[in-house]
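One structure below.
In what follows, every chain begins at residue 1, and chains take the letters A, B, ... in the order their sequences are listed.
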Protein chains: 2
Amino acid sequence: MLIGELATRAGTSPRTLRYYEQQGLVRAGRDANGYRQYDDAELRVVREIRSLLAAGFGIEDIRPFVACLRAGNQSGHVCPDSVLVLRRKLAEVDGFLGQLTDLRQQLRAQLDEAVALRESPCRTQICPP
Amino acid sequence: MLIGELATRAGTSPRTLRYYEQQGLVRAGRDANGYRQYDDAELRVVREIRSLLAAGFGIEDIRPFVACLRAGNQSGHVCPDSVLVLRRKLAEVDGFLGQLTDLRQQLRAQLDEAVALRESPCRTQICPP
DNA sequence: CTAGGCCTTGACACCGGCGTCAAGGCAAGG
DNA sequence: CCTTGCCTTGACGCCGGTGTCAAGGCCTAG
Ligand SMILES: [Zn+2]
Ligand SMILES: [Zn+2]
Ligand SMILES: [Zn+2]
Ligand SMILES: [Zn+2]
C-alpha cells in the first residue's frame, strides 16, 4: 500500500502520514523506487493516532498507545503506560472542566449585571450607541 | 507615567504594553524624548485587557470593552457590543463544556475498560511490561 | 567623562499539527 | 517524446500573546 492509498483509507493526507513517521509513530518500508510501502496493520495504527489526536492528546501522549498496539494488543489502551496517560488526561480534563465552569459562572454574572444596568434608568451609565 | 511604571503597576511587561498599543487597545502620548507617556486612566484600561485575556478572550473580542471604558462608562461590559461578545463567549464556553464533558465520559469508559481487561485473567491480552 | 538604567524600534522564537509550494524522480499511456 | 499522476525531500507559514536579544538614544549620578 502506497502513501496515497493509506492516506485516503485513513481519511487524512500524505503530508500527515510523513509527519507521523518523522515523529516515530508510523512505520513504512521502502520500494526499490524509494516509495513508502505500508503494511496493512499500519492502517489501524494511523486510525488510533487520529482518534487520539481528535480526543485532544498530543503526539508524545500517543506514543504508548502505538507501542501497545504494536505489542500485539487488540486495543492500544490496555498497557500500563497507556493507562497512565489516560489517567493524566482525565485529571487534566477535570481541571479544565472546573476552570471552564468557573469562567462560565463569571460570564453569566457579568452578563446579568450588564443587562441589569442597561435596563435600569439611564442615570448611572453613559449608554453609548 | 512611563511605560516601565505602567507595566509594573499593571503587573505586566513593557513589551506587552507596546503590543497592546500596536493592536490599538492602549493609547500613549509622547514626550519630547520620544518616550511614551501614559495617562492615569490607561492603567484601568490595561487592567481590563489583562483580565479579559486571562478569561480567554482574544484581542479582537476585547476591543468593544476598551471602547466602552473610553466612552466614560464605569465598567467596560455595559455597552451593546460588549454584551454581544459576552453572549458569544458564553455560548462558546457552553459548547466547549459539552465537548469536554463528552470527552471525560469517553476517557472514563476507556480507563474502566482497560483496568477491567488488566484485572481479568491474562488470556485475552499480551500483558506487556 | 562615564557607567548604568530606562527608553526606542525591529526582528526572531515559541507551541503543534498540518497546509502548501518548489523542484525533481519514476511509471504508464498516447 | 510528451503528458499525467503519484512519489520524494525540504522548507516556510499559520495562530496569538509574549519573551528576548540587538543596536542605539536619553538622562542622571558619581
Ligand atoms: Zn483507541
Ligand atoms: Zn471587566
Ligand atoms: Zn513548531
Ligand atoms: Zn503570529
Legend entry - Single hit among D61(B), I59(B), L53(B) for side-chain contact (heavy atoms from CB on, under 4.5 Å) with F57(B): D61(B)
Legend entry - Separation of atom CZ in F57(A) from atom P in dG17(C), rounded to whole Å: 13 Å
Inset, instruction - Would you mind reading off the distance between D31(B) atom CG and dG25(D) atom P, rounded to a whole angstrom? - result: 19 Å
Legend entry - Nucleotide dC7(D), atom C1' - distance to CD of Q37(A) in whole Å: 12 Å
Inset, instruction - Take the protein atom CD1 of I3(A) and the nucleotide atom C1' of dG5(D), then report the distance between them rounded to whole Å. - result: 15 Å
Inset, instruction - Looking only at side-chain atoms of R30(A), point me to the closest of dT8(C), dG19(C), dT8(D). - result: dT8(D)
Inset, instruction - Between dT8(C), dT8(D), dC7(D), spot the one nearest the side chain of R18(A), thanks. - result: dT8(D)
Inset, instruction - Kindly check if the number of other-residue, nucleotide or ligand heavy atoms within 6.0 Å of CZ (R18(B)) is above 12? - result: yes
Inset, instruction - Answer yes if the side chains of R27(A) and Y20(A) hold a donor-acceptor pair under 3.5 Å, and no otherwise. - result: no
Inset, instruction - Look at T16(A) and dG17(C) and indicate whether a side-chain polar atom (N or O) is within less than 4.0 Å of OP1 or OP2. - result: no
Inset, instruction - Could you check how far CD1 of I62(B) sits from P of dT18(D), rounded to whole Å? - result: 9 Å
Inset, instruction - Report the residue (N33(B) or I59(B)) whose heavy-atom-nearest nucleotide on DNA chain D is the more 5′ of the two. - result: I59(B)
Inset, instruction - Calculate the interatomic distance between E21(A) atom CD and dG17(C) atom P; express it in whole Å. - result: 17 Å
Inset, instruction - Hey, could you give me the CG/SG distance between L84(A) and C79(A), rounded to the nearest 0.5 Å? - result: 11.0 Å
Legend entry - Residue mapping more 5' on DNA chain D - nearest nucleotide basis, Y19(B) or Y35(B): Y19(B)
Inset, instruction - Give a yes or no on this: more than 12 heavy atoms of other residues, nucleotides or ligands lie within 6.0 Å of atom CZ of R70(A). - result: yes
Legend entry - Gap between atoms CD and P, on E5(A) and dG5(D) respectively (whole Å): 18 Å
Inset, instruction - For R15(A) and dG16(C), give me the distance from atom CZ to atom C1', rounded to whole Å. - result: 11 Å
Inset, instruction - Assign S13(A) to base, sugar-phosphate, or nothing according to its heavy-atom contacts below 4.0 angstrom with the strands shown. - result: sugar-phosphate
